[in-house]
Amino acid sequence: MTERTCLVVVLAAGEGTRMRSRLPKVLHRIAGESLLAHVLRAVTSAGPTRVAVIVGPGHAEVEGEARRIAPMVESFVQSERRGTAHAVLCARKAFSGGDDVLVVFGDTPLVRAVTLTRLHAALTGAAVAVLGFRPQDPAGYGRLIVQGGELVAIREDKDADERERAVTLCNGGLMALRGDVALHILDAIEDKNAKNEFYLTDAVAIARRMGLRAVALEAEEDEVRGINTRAQLAEAEAVLQQRLRAEALDKGVTMTAPETVFLCADTVLGRDIVIEPFVVFGPGVVVEDEAVIHSFSHLEGAYVGPGASVGPYARLRPGTRLGAGAKIGNFVETKAAVIGSGAKANHLTYLGDATVGEGANVGAGTITCNYDGVSKHTTEIGKGAFIGSNSALVAPVKIGEGAYVGSGSVITRDVPADALAVERSAQVVKEGWAARFRALKGVLKKTNSPS
Ligand code: UD1
Ligand code: CA
């Protein structure tokens, strides 16, 4: 954060009842990553800091997800849901040495690292800093009551009078508390309200009673968008997709219809890439410079080398690696497949658990038969090999460098380098058979031919 040391407390104990889900709310995903992961990435990229996550009882998966993103995270269980201030104090053991405390919500995934830094930095002039925003519809949010440049109170919607309700600056929920007074303030919060909850928002009035200063900062509505329902999840997805597309365009990616391209938070795109309309990127995709992703392709866990070409209608599954200039064409599916540079599989093919050497040509309708119903086996296709159309390569099997496989073959044994392997019945030709057949049936050739 700034030079000031800081403990970030992420509140993630909510059940997310309105999501109507088996999954804890913060584990729902946008742009391929959990809400919690988005928040933790913003927190950790804002600077070195200690992080505590508050999880609900029985939510070990939430703890696991937090640890995946921020291995040093400390987690605390809030066994009873008694309000936002109560949740923060569940991390009491992590409060030490007068570190400043930054409270963020696990269900507010679009907050940016710079905003967290800004909120924390506001503590140089105040004991409490609160992040506000001006929503299109303020109903339901706490209002930030500001007088003479100071934040005097946060009034929850249901407690606000008419004049207060007319205030458009609302509480986004994120709050920074100065280290030397954080615990005093939090311990002074009481649960004397309609819901019998300990409201973090009371920190403002309490700080002022202690003669301390509180301030409000403003952020864009998108950054403090809290997610409570599937509809809000979809809205956040849309906002994040917009951001990711704008970043991609900015970095030198051409997209003809960016609004139809779906990216993941971790998608890595080089320069001078072209992405045609209707492409979906799942997690773990890297695309190098000058590659082209044609329409209707779906990529996940795949590396696309420089100048490679994918699609239209291609599916790259996890473990796919395309070398420079490789071509994966229409209706081709790859999985755990390493395709050498300049190699081609242009049509109607499945390459699973396979390596394809440089410059090899995999004909239309080739299938690597990688699964015998029990386990998976690998297929190796050597450099410059040529696989004729409609071949089945029954793994484990190796096709040597420069070898040819005749169309329609079912290859069950290794093929040496530079050999030809053909596996199909000898062709039978019966001269004049068709003419005799028609004569027998009393049909003229003419009537049978298309008009
Ligand atoms: C809160 C604010 C309100 C603000 C709004 C912004 C309070 C009292 N009110 O209201 O001023 O406008 O956010 O979205 O803070 N949580 C726990 N344990 C608890 C209670 C909450 O972990 O015991 C977590 C929730 O999972 C959630 C966050 O804290 O991530 C906020 O709680 P929520 O109940 O959604 O607060 P709001 O009523 O939305
Ligand atoms: Ca909320």
Side-chain angles (χ1 to χ4, degrees), residues 8-19 21 23-28 34-36 38-40 43 52-59 62-63 66 75-91 102-111 128 130-145 151 153-160 164-165 167-175 177 185-186 189-206 214 216 218-229 232-233 235-236:
V8 179
V9 182
V10 182
L11 304 193
E15 280 291 338
T17 322
R18 282 187 284 160
M19 296 294 280
S21 175
L23 207 63
K25 175 163 75 174
V26 295
L27 295 186
H28 282 264
S34 69
L35 303 182
L36 182 61
H38 286 286
V39 173
L40 288 174
V43 166
V53 174
I54 313 300
V55 304
H59 285 181
V62 176
E63 202 181 317
S75 62
F76 299 88
V77 176
Q78 186 190 23
S79 33
E80 234 190 319
R81 209 187 135 93
R82 305 237 29 222
T84 41
H86 177 263
V88 173
L89 281 173
C90 289
L102 199 53
V103 180
V104 303
F105 292 172
D107 61 357
T108 307
L110 299 179
V111 68
V128 176
V130 173
L131 193 63
F133 70 114
R134 294 185 195 275
Q136 292 198 331
D137 177 14
Y141 289 107
R143 306 298 204 285
L144 299 187
I145 314 299
L151 178 62
I154 304 179
R155 192 82 66 235
E156 290 302 301
D157 190 64
K158 51 188 175 304
D159 305 325
E164 289 165 336
R165 205 166 282 143
V167 171
T168 55
L169 188 61
C170 293
N171 178 22
L174 286 75
M175 183 183 285
L177 298 138
I185 296 172
L186 292 169
I189 294 174
E190 294 179 298
D191 62 352
K192 289 179 190 143
N193 52 52
K195 286 170 92 181
N196 280 93
E197 281 192 359
F198 296 88
Y199 288 160
L200 182 62
T201 45
D202 286 351
V204 171
I206 289 169
E218 229 179 294
E220 282 174 38
E221 178 170 11
D222 282 342
E223 285 202 58
V224 289
R225 228 175 239 282
I227 294 176
N228 303 307
T229 63
Q232 288 167 342
L233 189 72
E235 280 166 24

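We use all heavy atoms of the structure for the numbers below, so side chains are in, but hydrogens, waters and symmetry mates are not. Remember, it's 1-based here, ligands and their atoms both numbered in the order they're listed.
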Kindly identify the option in Gly83, Ala12, Ala87, Gly132 whose heavy atom sits closest to atom 23 (O) of ligand 1.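 Looking at heavy atoms only, Gly83 sits closest to atom 23 (O) of ligand 1.
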
Counting heavy atoms only, which of Arg81, Glu156, Glu15 is nearest atom 16 (N) of ligand 1?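 Of the listed residues, Arg81 has the closest heavy atom.
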
Relative to ligand 1, is Gln78 under 4.0 angstrom through side chain, backbone, both or neither, heavy atoms considered? side chain

If the cut-off is 4.0 Å to any non-hydrogen atom of [X], which atoms of ligand 1 fall inside it?
{"X": "Leu11", "answer": "22 (O), 24 (C), 29 (O), 30 (O)"}
{"X": "Thr201", "answer": "7 (C), 8 (C), 9 (N), 11 (O), 15 (O)"}
{"X": "Arg82", "answer": "23 (O)"}

Which heavy atom in [X] sits nearest to a heavy atom in [Y], and how many Å separate them?
{"X": "Ile54", "Y": "Gln78", "value": "CG2-CB, 3.7 Å"}
{"X": "Thr108", "Y": "Glu223", "value": "CG2-O, 3.3 Å"}
{"X": "Arg155", "Y": "Ala160", "value": "CG-CA, 3.5 Å"}
{"X": "Ala66", "Y": "Val53", "value": "CB-CG2, 4.0 Å"}

Please indicate whether any nitrogen or oxygen in [X] is less than 3.5 Å from any nitrogen or oxygen in ligand 1.
{"X": "Thr84", "value": "yes"}
{"X": "Asn171", "value": "yes"}
{"X": "Leu200", "value": "no"}
{"X": "Asp107", "value": "yes"}
{"X": "Phe105", "value": "no"}

If you define the side chain from C-beta out and look only at heavy atoms, does anything of [X] sit under 4.5 Å from [Y]?
{"X": "Asp191", "Y": "Phe198", "result": "yes"}
{"X": "Leu174", "Y": "Val224", "result": "yes"}
{"X": "Glu197", "Y": "His86", "result": "no"}
{"X": "Glu156", "Y": "Lys195", "result": "no"}

Decide whether the shortest distance between a heavy atom of Gly226 and an atom of ligand 1 is less than 4.0 Å.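 The answer is no, since Gly226 has no heavy atom less than 4.0 Å from ligand 1.
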
